Amino acid sequence: MTDKILLLPIFLPLIAGLLVLVAPKGMRGIKEGVTLLATALNLTLAVVLFKQNFTLSLPWAGFGLDLVFRLYHFSAFILLATAGFGILIALYCCSFMREKKYLNQFYSYLLISIAFVNGAVLADHLVMMLFFWEGLLLTLFGMIAIGRPGAFKSAIKAFIIVGIADVCLMIGIALTGHLAQTLVISKIDLPLDILGSIAFLFLMVGAIAKAGSMPFHSWIPDAAVDAPLPFMAFLPAALEKLLGIYFLARISLDMFALTPGSWISTVLMVVGGATIILAVMMALIQKDYKRLLSYHAISQVGYMILGIGTAVPAGIVGGIFHMINHAMYKSGLFLSGGSVEKQTGTTDLEKLGGLAKKMPLTFICFFVTAASISGVPPFNGFFSKELVYDGALERGMIFYVVALLGSFFTAASFLKLGHAAYFGKLSKQNENVKEAPWTILVPMITIASLCIFFGVYNYWPLTRLIEPVLGEARLEGHHFGGFHVNMFLVVMTLVVLAAAVINHWFGIKKGGSGIKASDHIHYAPGLHPIYDRAEKRFFDPYDIGLNFMDLVSKIGCACDKAVDWIYNVFSVNVSLSLSDRIRRWHNGNYSTYLIWAMAGVIIAVTYLMSMR
Amino acid sequence: MNHNILLLSSIFVPTLGSFILPLAGRLSMRLRNALALIFIATPLVCSLALLSSAFTGAPASVNQPLVLGFNFVFLADGLAAFMAFVSSLISTVVVFYSFGYISHYENQNEYYTMVVLFLGAMMGLVYSANLIWLYLFWEITAVASWRLIGFFREKVYVVRADKAFLVTAFGAFAMLIGFVMIYSQTGSFDLFTIKQALGVNALSVAAVGLILLGILSKSATLPFHTWLPDAGVAPSPVTALLHAAVLVKIGVYVFARLFIANFSLEAFWHVVVPVVAAVSMLVSASAALVETDLKRLIAYSTVSQIGFIFFGLSIGNPVAVAGGLLYIFMHGLAKGGLFLCAGIIEKNTKTKDITQMGGLITAMPITAISFLFCAFSVMGIPPFGGFFSKYLVFAGGIQSGHWWITTVFLFGAFVTILYLFRAFNLVFLGEPKIKNVKEGSVTMLISVALLAGFSLLAGIWISSSSAIVQKIVAQATGVNL
């Protein structure tokens, strides 16, 4: 095998994607076939490349901008995960997207996204990574835009938010390259002094924005409603999290030595903690299947950022493990939502209920993935969360409490969601609902099985996939496979889960049905006005930013108008009045002209005399 | 010898040929159009050939002494050939587009004459290695653009054309005084002789300041920028030619020609000029966020992007210079495309007010996608070409150590994304407000799709354009990147 094989994971999906894009209308079977084939080949390739090490360097744009590829355990791991999600989502789309418009665009964007993610992951050069990373904006934009009519607005919002973060990343990269005198990632080793910290912050903004953390989150709930559902399972739930956290791990582990004492570590933990708690509070009160999930897609990023931000081995391992676990269960949850949407035609929880009997397999998949996200043992989410708790507790009680509180609300909201969608009374229009077709079930079942596998046999992913990322020196002799967690943490987790169940029971007693199980929190005194404002987007950083820009642009525009006034009014008036004055001196009187001429001669002569 | 003929023909075929066009127009419209395209395409082909030979051995040059030290000097080094290639490439597309756009208006002979004359003067300016010749061609472009802006002859339009002419001519006179001061300092107008006479000495501050007045007014930088949005009353292909691709780039080109390739500036200019560029960029970007006239909006965007180019060229770092030069190319392609799209929209909806539009994406999908592609390139989104130029400018800015100015431009990059999407949103999305809108004619669509496609290809095949820019920087500054 030559090192040129590293070009394949980029070009194979890219060419397939372009082929699908230009394929003539109507050839649906061929488009699906090409997509499935390309994703299958990509998966094979990722499996073959797994455990291999390659580097490849090609000339590119000059100015030290080269194409540098590096395949090693971490990038091979992300490559494999991307390929896995790629083929599952492609299979899922075969029946889900069947009646949808713009099918060729969707498949094409899906494949090109895979190509770009592969490119960004394999890149060992910051600008090359940025090229693919920022290129994802285009497919993100396209995939949201082809959703329901009017989705363009959400697409633009997503583009602007992520685009602004990417410009910050660009500055961070330029600064890092300047400080390190190289742009090759594996050669960069910078201290976190003042400039180093600034560079880190800019890179961090890019990374966490891609992962969908606060304050760069607000496009995700909007896109959840507007975009085609597989998009949600594919980009915001899986690939963007993988990519964002992958890069965050690389900057904090490889490029900069993040230590527990540094203020950057505290910044990361605060961002993580705030994201966990604020987003999950919003998730709790949602009444739409997809919107509820989208807020969890934001909230869970908080755990990963918190974990990596702790800068202690348990936390980092937990954060990265949570990244892959989250990609699985969140993707699975969105797919279950899509299954419900496909079979019933709605995701509004008011109109759903009692689906467990009609769609048992979907329900089982939902149950497994929901238990994973809530951190119920022995599913995978439990183990990664325990590790994050371990790290957080080591750094400070407050972070641990926030993370635990987040777990409580997560469990509560999934009890509510499961209750409202799958139990309770079956509504009339859903009486003839059938189980979803196999192309939808297979991806869901695969993901749910993996959630169980990664939980029960967590030894394998932890020791084979994640611990090598840190390396022996960073691990400080710790090993995290198996059931090595602190018993205090386990007991606390179980207490919190029990509390969530009690809370749910209390909520049903008070509200009367599953969907109203969170109303006692929603309408609690003190929280109610805040919730109202949040629902009206008072706190949306995007809207706040736009209002700010409105003000700035008005000031700038006033300056512009002032300059224009000088040309259009001031200078015209001055020259008119000046010429008016001078004209009056031309009174036709010879003696006056003679005096002017004499005066001129005198001035000229005096000047010439003085020159001597 | 062969290359000298190429050099001369790229200047004199369009300048002299432009006067044949009205005669040809009397005979046949088709003949005139074909001739105009040939006259415009000649410099394109010539400059492409010159560009390939510019870096091998001695660049093509013509040197014919005339009376009183005004020698007849043209030089086709990398910088000149690159600039000539960029402007003639875009001009060729614009003339092709004009076949569809201008065919329903009167005074077509005048239109083609002026456009071809304009490009010829541009070629002369680009290849001049003598300040007086440079000034001469500079003023010919001003006259041609004055006539083109007032092409539709309404009273307001003529006043706007006068404004554009007065502002740029004022700058040009200031620049001429600066040139005379250089002459009194060194005894020559010939760039090569001046360079030798100066040695390690810098030019006097007053001369540099006066020349900068000319450069800033021609490149529409604050406080001399307001003529550019006002000139949006011109026919759309003209705005594309003047605002986006060619006229406004004269200033930045002369900056590069004088202060990068030939003379060195004193250190404080490397702060003063970027600060002026930053203020100009911010003010005009703000105006673009508020503006409701589509062509004015894009014109303000040009002013703002010119700020980025000046920033790159003037910060005093070779990487930033390379970024600035690449920016000229990428921005010319993308902004030219945006103006041509605006022309299609304006022609087919009979309005320029974006608040009156909406939902046009269904009526004119090709225009919409071309607009979006060009907008992506201006925003600097990969794989479009604008990404690389923006990155290099930022990287150079950071390497030069001017943190604050770079931060201001970072903010400017945010605003760029905002105002372009605001325009796209209002024009193409939402509820259609105008009924029965048609897509543009075939030649117009081919033109916009070409420019959008070039913007994409320039990013994908970045290695070729960046290699050229690298060689130009090496030739001009002696720094090998």
Side-chain angles (χ1 to χ4, degrees), chain A residues 59-65 116 127 130-138 141 145 150 152-153 155-157 159-160 163-164 166-168 170-171 173-179 183 195 198-199 202 545-546 549-550 552-568 571-572, chain B residues 163 166-167 222-227 229-230 279 282-291 300 319 322-323 361 376 379-384 387-388 390-392 394-399 401 403 406-407 410 413-415 417-419 421 424-425 428-430 462-463 465-467 469-470 481:
Chain A
W60 189 33
F63 309 105
L65 312 183
F116 280 3
V127 174
L130 182 68
F131 180 82
F132 289 113
W133 176 289
E134 211 176 337
L136 271 177
L137 270 179
L138 299 178
F141 180 78
F152 255 114
K153 220 178 161 64
I156 290 179
K157 184 174 178 179
F159 191 101
I160 289 175
I164 282 176
D166 284 355
V167 176
C168 290
M170 187 189 268
I171 285 286
I173 285 175
L175 186 54
T176 311
H178 174 55
L179 294 177
L183 286 158
L195 282 179
I198 294 173
F202 274 118
L546 285 191
M549 281 315 301
D550 211 34
V552 171
S553 65
K554 284 206 176 104
I555 296 170
C557 200
C559 296
D560 179 68
K561 291 278 173 297
V563 173
D564 208 24
W565 177 84
I566 294 177
Y567 289 101
N568 289 353
S571 62
V572 174
Chain B
K163 180 179 177 184
L166 286 173
V167 173
L222 195 93
F224 309 107
H225 68 290
T226 59
W227 65 268
D230 280 354
V279 174
L282 266 191
V283 168
S284 52
S286 307
L289 260 180
V290 178
E291 194 57 63
Y300 273 118
V319 173
I361 194 166
F376 282 148
M379 290 175 205
I381 306 296
F384 294 91
F387 167 76
F388 294 96
K390 195 159 271 183
Y391 172 77
L392 287 176
F394 277 141
I398 282 177
Q399 281 176 24
W403 310 106
T406 311
T407 315
L410 168 72
F414 297 166
V415 186
I417 299 180
L418 286 179
Y419 66 66
F421 263 120
F424 181 76
N425 193 11
F428 290 107
L429 307 179
I462 184 66
S463 47
S465 50
S466 81
V469 166
Q470 224 168 347
L481 288 168

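We use all heavy atoms of the structure for the numbers below, so side chains are in, but hydrogens, waters and symmetry mates are not. Convention: sequence-line order gives letters A, B, ...; per-chain numbering from 1. Since this is a predicted model, take the numbers as computed values, not measurements.
For the set A/V563, A/V572, A/D166, the count of heavy-atom pairs under 4.5 angstrom toward chain B peaks at A/V563. With respect to chain A, the highest number of heavy-atom pairs below 4.5 Å among B/A287, B/S284, B/P229 belongs to B/A287. The greatest number of non-hydrogen atom pairs below 4.5 Å with chain A, out of B/D230, B/I361, B/L418, is found for B/L418. Most heavy-atom pairs under 4.5 Å with chain A: of the set B/I398, B/V469, B/L166, this distinction falls to B/I398. Between chain B and the options A/L137, A/I156, A/I160, the largest number of non-hydrogen pairs under 4.5 Å is found for A/I156. Interface summary for chain A: among B/F224, B/Y419, B/F384, the most heavy-atom pairs under 4.5 angstrom belong to B/F224. If you tally non-hydrogen atom pairs under 4.5 Å between each of B/L429, B/V415, B/I462 and chain A, the highest count goes to B/L429. Annotation: maximal heavy-atom pairing with chain A below 4.5 Å, among B/F424, B/F428, B/F421, occurs at B/F421.
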Can B/W403 and A/L195 be said to form a side chain to side chain contact (heavy atoms under 4.5 Å, CB included), step by step?
CA-CA 11 Å; B/W403 310 106; A/L195 282 179; 4.1 Å; yes
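Using a 4.5 Å cut-off between heavy atoms, A/L130 touches chain B through backbone and side chain atoms alike. Neither the backbone nor the side chain of A/I566 comes within contact range of chain B; no heavy atom of the residue lies under 4.5 Å from a heavy atom of that chain. Both the backbone and the side chain of A/V127 come within less than 4.5 Å of a heavy atom of chain B. Using a 4.5 Å cut-off between heavy atoms, B/V279 makes no contact with chain A at all. Proximity to chain B involves both the backbone and the side chain of A/F131, based on heavy atoms less than 4.5 angstrom apart. With a 4.5 angstrom heavy-atom cutoff, A/L546 touches chain B only via side-chain atoms. With a 4.5 Å cut-off on non-hydrogen atoms, A/N568 touches chain B through its side chain but not through its backbone. Of the two parts of B/Y391, the backbone and the side chain both hold a non-hydrogen atom closer than 4.5 Å to a non-hydrogen atom of chain A. Contacts of A/F141 with chain B are made by side-chain atoms alone, with heavy-atom separations under 4.5 Å and no backbone atom involved.
Shortest non-hydrogen contact noted between A/T176 and A/A199 is OG1-CB, 3.8 Å. Of all heavy-atom pairs spanning B/G396 and B/V319, the tightest one is N-CG1, 4.0 Å.
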